[in-house]
**Student:** 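If you scroll down you'll find the structure; I have some questions about it.
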Amino acid sequence: MKEFDQAFIQAPEHRPNLSAVESDGIPTIDLSPIFNSPDGTFPDDLVRQIASASIDWGFFLVVNHGVPAGKRRRMEAASREFFGRSLEEKRTVMKVEGVITGYSDMELTKNVRDWKEVFDFIVADPTVVPMSPEPNDHRLTHWTNRWPTFLPEFREAGNEYAEELEKLGHKLVELIAVSLGLPAQRFRDYFKEKTSMVRLNHYPPCSLPEMALGVGRHNDPGVLTMLAQDDVGGLEVKRKRDGEWIRVKPILDSYVVNVGNVTQVWSNERYESVEHRVMVNDKKERYSIAFFFNPSHSTIVEPLEELIDPENPPKYKSYLWGKLLFNKCARLSRDLKLQYSSL
């Protein structure tokens, strides 16, 4: 313990239970009916599965999702190659204050350091965002990607992969809309200037996995998250009915999908954004790729008018997505500045 960096130590009540078993309880949904439907409509049974999973878990796995296996494999290989490089090389694209794309190995979740290293890139390059968090400041700026020059094919692999996940994201959002009793295209206009991001994660072996977490407990702020994980496992979901942490069993070539905070607000809490975290282990490294499906910066997030009435009044005040995103990224940037200044 004396040699283990105390910045990684979780409070006793948030430490992982290493004896927990992987669960088959989180629903697995076969999306092949989407591609086999002659008229493009969604079968009722598929819609019911999406609704049930979103209500009961806020999480589900999808298979037969249409993402080409070759493009996923290429992205996974690029991720492994990048993280396998020296720290000096990786830090040539290190995140700095005011820059949200690139590499970091010192992120915090709830003020505790995560046992991970990441590489982030945006889907739309450039991505338009607010210049400040002030409500009356309407100036805009943009984010751009920072690609490693020492891996010439990395950028192409990332862009190809992001294009496929964006297609899947739109299909899933259409399914979410129909499962809420709305037209399939109800959310389409919210993504005209998307702020979606991809995060490559690497979780090295940890000598004290009972004390640390790869990522601490958190909710995702956006619309949906789609996660590709390897066969090592480690993702845990806080089960709604009893608050127990349930480990998600990896399924080959599947994606783990979770409802984000924006969808929780849009649905007026019919669907909830659920806490989750990542465990680490002392023997195997773990890799995953998260796609954060986010709306345009100008999107006003509020309960949808079709889902509120006198018996179901709005449970949330409206907010501007771009301002929330700016605040979140500014906070992360400040945290990183403090971390790196202590080196």
**Student:** Flag the pair H170 / F293 as yes when their ring centroid distance falls below 6.0 Å, and as no otherwise.
**Tutor:**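 Yes: the rings meet the under 6.0 Å criterion.
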
**Student:** Quick one: CD1 on I34 to CG on L168, what's the gap to the nearest 0.5 Å?
**Tutor:**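 It comes to 8.0 Å.
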
**Student:** Measuring from atom CZ of F59 to atom CD1 of I246, what distance do you get when rounded to the nearest 0.5 angstrom?
**Tutor:**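 CD1 of I246 is found 12.0 Å from CZ of F59.
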
**Student:** Side chains of D5 and R113, heavy atoms from C-beta outward: is any pair under 4.5 Å?
**Tutor:**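 Of all side-chain heavy-atom pairs linking R113 with D5, at least one is under 4.5 Å.
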
**Student:** Atom CD in E210, atom CG in N281: separation rounded to 0.5 Å?
**Tutor:**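 Between E210 CD and N281 CG, I get 11.5 Å after rounding to 0.5 Å.
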
**Student:** Check this for me, if you would: do D120 and K95 make a salt bridge, where the nitrogen-to-carboxylate-oxygen distance has to be below 4.0 angstrom?
**Tutor:**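 Between K95 and D120 there is a salt bridge, with a charged N closer than 4.0 Å to a carboxylate O.
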
**Student:** Can you tell whether the side chains of R188 and E174 come within less than 4.0 Å, N to carboxylate O?
**Tutor:**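 Looking at R188 and E174, the cut-off is met.
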
**Student:** Is the backbone of K192 close enough, under 3.5 Å, to the side chain of S296 for a donor and an acceptor to pair up by distance?
**Tutor:**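 Yes: the side chain of S296 pairs with the backbone of K192.
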
**Student:** Could you tell me whether E134 and K323 make a salt bridge, using a distance below 4.0 angstrom between a side-chain N and a carboxylate O?
**Tutor:**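 Salt bridge between E134 and K323, a charged N being under 4.0 Å from a carboxylate O: no.
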
**Student:** Examine distances only and state if a side-chain atom of T299 and a backbone atom of P295 form a donor-acceptor pair shorter than 3.5 Å.
**Tutor:**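 Flag not set: sc T299 to bb P295 has no pair under 3.5 Å.
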
**Student:** Evaluate the side-chain proximity of V112 to I9: yes if any heavy-atom separation is below 4.5 Å, no if none is.
**Tutor:**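 No, side chains not in contact.
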
**Student:** Any non-hydrogen side-chain atom of M226 less than 4.5 Å from a side-chain atom of I289?
**Tutor:**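 M226 vs I289: side chains apart.
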
**Student:** For the pair R72 and E164, evaluate salt bridge (charged side-chain N to carboxylate O under 4.0 Å, His left out) and give the outcome as yes or no after the intermediate values.
**Tutor:** CA-CA 9 Å; R72 173 167 167 169; E164 296 299 332; over 6 Å; no

**Student:** Mark yes or no for whether T92, through its side chain, and E89, through its backbone, hold a donor-acceptor pair below 3.5 Å.
**Tutor:**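 A pair under 3.5 Å: yes.
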
**Student:** Please evaluate residues K171 and E166 with respect to the criterion salt bridge (charged side-chain N to carboxylate O under 4.0 Å, His left out), reporting the C-alpha separation (whole Å), side-chain torsions for both, the decisive distance (0.1 Å), and the verdict.
**Tutor:** CA-CA 9 Å; K171 283 295 183 185; E166 190 174 17; over 6 Å; no

**Student:** Please state whether the rings of F82 and F150 are parallel, tilted or perpendicular, taking 30° and 60° as the class boundaries.
**Tutor:**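 Because their plane-to-plane angle is under 30°, the rings of F82 and F150 count as parallel.
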
**Student:** I'd like to know if K249 and D231 make a salt bridge, using a cut-off of under 4.0 Å between side-chain N and carboxylate O.
**Tutor:**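 No salt bridge links K249 with D231.
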
**Student:** Hey, quick one: are V223 and Y190 part of the same hydrophobic cluster, counting side-chain heavy atoms closer than 4.5 Å, chains of contacts allowed?
**Tutor:**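 Yes, one cluster joins them.
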
**Student:** Within the supplied structure, the quantity of interest is the number of heavy atoms (other residues, nucleotides, ligands) at a distance under 6.0 Å from D309 CG; does it exceed 12?
**Tutor:**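 Yes.
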
**Student:** So Y103 and F83, would you call those rings parallel, tilted or perpendicular, with 30° and 60° as cut-offs?
**Tutor:**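 Correct class here is tilted.
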
**Student:** Has the side chain of E272 got a donor or acceptor atom that lies under 3.5 Å from a matching backbone atom of R270?
**Tutor:**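 Checking the backbone N and O of R270 against the side chain of E272, no donor-acceptor pair under 3.5 Å is found.
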
**Student:** Considering only heavy atoms from C-beta outward, does the side chain of W266 approach that of L182 to under 4.5 Å?
**Tutor:**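 In short, these two side chains do not touch, never coming nearer than 4.5 Å.
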
**Student:** Could you walk me through whether K71 and E160 satisfy the salt bridge (charged side-chain N to carboxylate O under 4.0 Å, His left out) test, starting with their C-alpha distance in whole Å, then the side-chain angles of each, then the deciding distance to 0.1 Å, before giving a yes or no?
**Tutor:** CA-CA 7 Å; K71 293 185 178 180; E160 285 185 353; 5.1 Å; no

**Student:** Roughly how far, to the nearest 0.5 Å, is the CZ atom of F292 from the CG atom of L325?
**Tutor:**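 So the gap between those two atoms works out to 11.5 Å.
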
**Student:** Go through the steps to decide whether D137 and S132 satisfy the test side-chain hydrogen bond (donor to acceptor under 3.5 Å, both in side chains), and finish with yes or no.
**Tutor:** CA-CA 7 Å; D137 187 348; S132 85; 2.8 Å; yes

**Student:** D105 and salt bridge (charged side-chain N to carboxylate O under 4.0 Å, His left out): which partner among K116, K90, R91?
**Tutor:**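 It is R91, the one option of K116, K90, R91 that forms the salt bridge (charged side-chain N to carboxylate O under 4.0 Å, His left out) with D105.
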
**Student:** When you compare the side chain of N294 with that of K194, does any pair of heavy atoms fall below 4.5 Å?
**Tutor:**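 A side-chain contact is absent here, since even the closest heavy-atom pair is not under 4.5 Å.
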
**Student:** Would you check if K317 and E302 make a side-chain contact, meaning some heavy-atom pair closer than 4.5 Å?
**Tutor:**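 Not touching, per the 4.5 Å side-chain cut-off.
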
**Student:** Does this structure show an ion pair linking R186 with E306, if we count only N-O contacts that are shorter than 4.0 Å?
**Tutor:**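 Yes, charged N to carboxylate O under 4.0 Å.
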
**Student:** Give the C-alpha distance, both sets of side-chain angles, the deciding distance and a yes or no for side-chain contact (heavy atoms from CB on, under 4.5 Å) between E236 and V278.
**Tutor:** CA-CA 6 Å; E236 288 195 320; V278 176; over 6 Å; no

**Student:** Does L304 belong to the same Ile/Leu/Val/Met/Phe/Trp/Tyr cluster as I308, with side-chain heavy atoms less than 4.5 Å apart forming each link?
**Tutor:**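 Result: no, two separate clusters.
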
**Student:** Just by modelled atom types, is the P303 backbone N or O under 3.5 Å from a matching donor or acceptor in the K315 side chain?
**Tutor:**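 Side chain of K315 to backbone of P303: no pair is present.
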
**Student:** When rounded to the nearest 0.5 angstrom, what distance separates OG in S254 from CG in D30?
**Tutor:**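 Spacing of OG (S254) from CG (D30) equals 12.0 Å.
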
**Student:** Between F121 and W147, how do the two ring planes meet: parallel, tilted or perpendicular, split at 30° and 60°?
**Tutor:**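 Judged by the thresholds at 30° and 60°, the geometry between F121 and W147 is tilted.
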
**Student:** Would a distance-only check, ignoring hydrogens and angles, find a side-chain to backbone donor-acceptor pair under 3.5 Å from H14 to P12?
**Tutor:**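 No, the answer is negative, given that no donor and acceptor are paired below the 3.5 Å cut-off.
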
**Student:** Mind checking whether V248 and L61 have side chains closer than 4.5 Å, heavy atoms only?
**Tutor:**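 Yes, close enough: below the 4.5 Å cut-off.
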
**Student:** How many angstroms lie between CD in E76 and CG in L200, if you round to the nearest 0.5 Å?
**Tutor:**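 The CD atom of E76 sits 10.5 Å away from the CG atom of L200.
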
**Student:** In this structure, would L87 and F119 fall into the same cluster of hydrophobic residues linked by side-chain contacts under 4.5 Å?
**Tutor:**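 Yes; tracing contacts between hydrophobic side chains, which count when under 4.5 Å, links both residues.
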
**Student:** Does V259 share a hydrophobic cluster with Y319, counting links as ILVMFWY side-chain heavy atoms below 4.5 Å and allowing steps through other members?
**Tutor:**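 Yes; tracing contacts between hydrophobic side chains, which count when under 4.5 Å, links both residues.
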
**Student:** Is the backbone of G216 close enough, under 3.5 Å, to the side chain of H218 for a donor and an acceptor to pair up by distance?
**Tutor:**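 Yes; judged by distance alone, with no hydrogens or angles, the pair exists.
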
**Student:** Going through the checks in order, is the side-chain contact (heavy atoms from CB on, under 4.5 Å) test met by M211 and Q10?
**Tutor:** CA-CA 6 Å; M211 295 289 181; Q10 294 284 330; over 6 Å; no

**Student:** Report yes if the distance between the aromatic ring centroids of Y287 and Y203 is under 6.0 Å, otherwise no.
**Tutor:**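 So the answer is no for these two rings.
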
**Student:** Dump the intermediate steps for side-chain contact (heavy atoms from CB on, under 4.5 Å) on W57 and R239, then the final yes or no.
**Tutor:** CA-CA 7 Å; W57 286 91; R239 188 163 54 193; 3.7 Å; yes

**Student:** Is the NZ or CZ atom of R277 both under 6.0 Å from the centre of the six-membered ring of W245 and within 45° of that ring's axis?
**Tutor:**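 Yes.
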
**Student:** Quick one, N312 and L307 - any side-chain contact, counting heavy atoms below 4.5 Å?
**Tutor:**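 No; the side chains remain at least 4.5 Å from each other.
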
**Student:** Is a side-chain N or O of S79 found less than 3.5 angstrom from the main chain of M75, in a donor-acceptor match?
**Tutor:**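 Checking the backbone N and O of M75 against the side chain of S79, no donor-acceptor pair under 3.5 Å is found.
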
**Student:** Are Y271 and Y316 grouped together when hydrophobic residues (ILVMFWY) are joined by side-chain heavy atoms under 4.5 angstrom apart?
**Tutor:**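 Linked within one cluster.
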
